[in-house]
Protein chains: 2
Amino acid sequence: MSSEPDISKHDAVEVLRLDRQLCFALYSAANRVTRLYRPLLDALGITYPQYLALLVLWEKSPRTVGEVGEALDLESSTLTPLLKRLETAGLIARGRDPQDERRVIVSLTPAGEAMRDKALEVAEQFFCKLDTPLPELIELRERLKRLAV
Amino acid sequence: MSSEPDISKHDAVEVLRLDRQLCFALYSAANRVTRLYRPLLDALGITYPQYLALLVLWEKSPRTVGEVGEALDLESSTLTPLLKRLETAGLIARGRDPQDERRVIVSLTPAGEAMRDKALEVAEQFFCKLDTPLPELIELRERLKRLAV
DNA sequence: TGCATTTATATCGTACGCGATTAAATCGTA
DNA sequence: TACGATTTAATCGCGTACGATATAAATGCA
């Protein structure tokens, strides 16, 4: 009957609403966080993904490109140019593993090590910028981790 | 005393651990979600950000570039090329607003409208891929929205 | 040993994302 | 009404992300 509402069309309108999409909430929040970090990291002369790579190396250095990629869930096609920039910046050194020439070993330079203290300040400043209670942030973080696929 | 633990160094090690960083959880989850959408959207011939732009237009079309940008929290430097690609794909039309020649009006073409039904399937398939209870996803989405800055 | 297979990076092309800048149209106001 | 300020998109340069492919080294195995 023409007087009946078109249920399937109504569903499409509702289901596809931007403010209902988890994917957009995630996309948008990730972009916002990158923008929040930018001015803090500009002062250190590094980008946000470069900061993440350094976090990995501050935990353990040296590491292979593959290990860094596994930690960050990134391909070598992303990491190789990024690591070369960190090398050019004098923060890391890159070289083939003598034991296995396929591997490239990445290690922090003294300058890279020294940047850790400044990174700690960045983390604090970011927390201040967020202006959100810590338990809320932790809860969000754990829920994001659970989304792992 | 040299036997005392270096508290501040210990703090740096702990605070900067990758698995403690909200920023990395967000970054990583966003990348993963993009990778999950890719094969679904490949079938439609669009990318993930293009899909988000279409979501905006499926809610209301026509709209100006500025309105789309506000909805997605993106700059014209990102949107202009993206919208041109959607135009080339025949999904949208772009043209200056006769009332105000500064504005560019973006509107869905019939092909763009028609793609909405397929998008609904994509949203369903994505939900299946996530394999996570709906309340959990809703809770995460709302927490992400609260992170707005 | 010899050679196919596997593994670890690198390279390439495409598409973002954004700050900085530019260009054009409109607005506000003296 | 003239004209500087504001608004709106577009352009440019840089740095990701990633799939596809290439390359070289190591490994497996007949």
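Every heavy atom of this structure was used, including side-chain atoms; hydrogens, water molecules and symmetry mates were not. None of the values given here were measured: they were computed from a predicted structure. Order of the sequence lines sets the chain letters (A, B, ...), proteins ahead of strands, with each chain counted from 1.
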Does the base of C/dT7 carry an N or O that pairs as donor and acceptor with the side chain of A/Arg102 under 3.5 Å?
yes

Rounding to a whole Å, what distance do you find between A/Asn31:CG and C/dG17:P?
6 Å

How long is the straight-line distance from CZ of B/Phe24 back to CG of A/Leu144, given to the nearest 0.5 Å?
11.0 Å

If you apply the rule salt bridge (Lys or Arg N to Asp or Glu O under 4.0 Å), what do you find for A/Glu139 with A/Arg143, and how did you get there?
CA-CA 6 Å; A/Glu139 179 67 25; A/Arg143 285 177 183 272; 2.8 Å; yes

Starting at the 5' end of DNA chain C and moving along, which residue's nearest nucleotide shows up first, A/Thr34 or A/Ile105?
A/Ile105

Below 4.0 Å: OP1/OP2 of C/dA23 and any side-chain N or O of B/Arg96:
no

It should be established whether B/Gln50 places a side-chain nitrogen or oxygen under 4.0 Å from OP1 or OP2 of nucleotide C/dC16.
yes

With no hydrogens and no angle check, do the side chains of A/Ser28 and A/Arg32 hold a donor and an acceptor under 3.5 Å apart?
yes

Whole-Å gap separating P (D/dT8) and CD (B/Gln99)
15 Å

Contact under 4.0 Å: A/Arg85 side-chain N or O vs D/dT16 OP1/OP2:
yes

Presence of A/Tyr48 side-chain N/O under 4.0 Å of C/dC18 phosphate oxygens OP1/OP2:
no

Is there a side-chain polar atom (N or O) of A/Lys84 under 4.0 Å from OP1 or OP2 of D/dT16?
no

Whole angstrom value for the distance that separates C1' of C/dG19 from CG of A/Leu36:
15 Å

To the nearest Å, how far apart are B/Leu52 CG and C/dC16 P?
10 Å

Taking any heavy-atom pair under 4.0 Å as a contact, classify B/Ser76: base, sugar-phosphate, or nothing.
base

Does A/Arg35 have a side-chain nitrogen or oxygen under 4.0 Å from the phosphate oxygens OP1 or OP2 of C/dG17?
no

Return the minimal non-hydrogen interatomic distance between A/Gly90 and A/Ala111, and the atom names on each side.
O-CB, 3.7 Å

Got a donor-acceptor contact below 3.5 angstrom from the B/Gln50 side chain to the B/Leu82 backbone?
no

Could you pick out which residue, B/Asp97 or A/Asp100, lies toward the 5' side of DNA chain C when each is mapped onto its nearest nucleotide?
A/Asp100

Does a nitrogen or oxygen in the side chain of B/Tyr27 sit under 4.0 Å from OP1 or OP2 of D/dT16?
no

Neighbours of DNA chain D within residues 57-66 of chain B, by heavy-atom distance under 4.0 Å:
B/Thr64, B/Val65, B/Gly66

Separation of B/Glu87 atom CD from C/dA15 atom C1', in whole Å?
17 Å

Base, sugar-phosphate, or nothing: which does A/Leu79 touch, judged by heavy atoms less than 4.0 Å apart?
nothing

Parallel, tilted or perpendicular: which fits the ring planes of B/Tyr37 and B/Tyr51, with parallel below 30° and perpendicular above 60°?
tilted

Separation of atom CG in A/Leu26 from atom C1' in D/dA17, rounded to whole Å:
15 Å

Using atom OH of A/Tyr51 as one end and atom C1' of D/dG15 as the other, report the distance to the nearest whole Å.
19 Å

Pairwise 5' ranking along DNA chain D for A/Pro81 and A/Glu101, keeping only the more 5' one:
A/Pro81

Could you state the CD-P distance from B/Glu67 to D/dT8, rounded to the nearest angstrom?
10 Å

Under-4.0 Å side-chain N/O to phosphate OP1/OP2 contact, A/Ser77 with D/dA20
no

For B/Trp58 and A/Arg17, run side chain to side chain contact (heavy atoms under 4.5 Å, CB included): C-alpha distance rounded to whole Å, both residues' side-chain angles, the deciding distance at 0.1 Å, then the answer.
CA-CA 8 Å; B/Trp58 285 323; A/Arg17 271 175 49 188; over 6 Å; no

Is it true that B/Glu101 and B/Arg96 make a salt bridge, defined as a side-chain N closer than 4.0 Å to a carboxylate O?
no

OP1 or OP2 of C/dA10 less than 4.0 angstrom from a side-chain nitrogen or oxygen of A/Thr80, does that happen here?
yes

With the side chain of B/Pro49 defined as its heavy atoms from C-beta on, choose the nearest nucleotide among C/dT9, C/dC16, C/dG19.
C/dC16

Where the side chain of A/Thr78 is concerned, which of D/dC18, D/dA10, C/dG19 is the nearest nucleotide?
D/dC18

Is the side chain of B/Thr88 donor-acceptor paired with the backbone N or O of B/Lys84 at a distance under 3.5 Å, no angle test?
yes

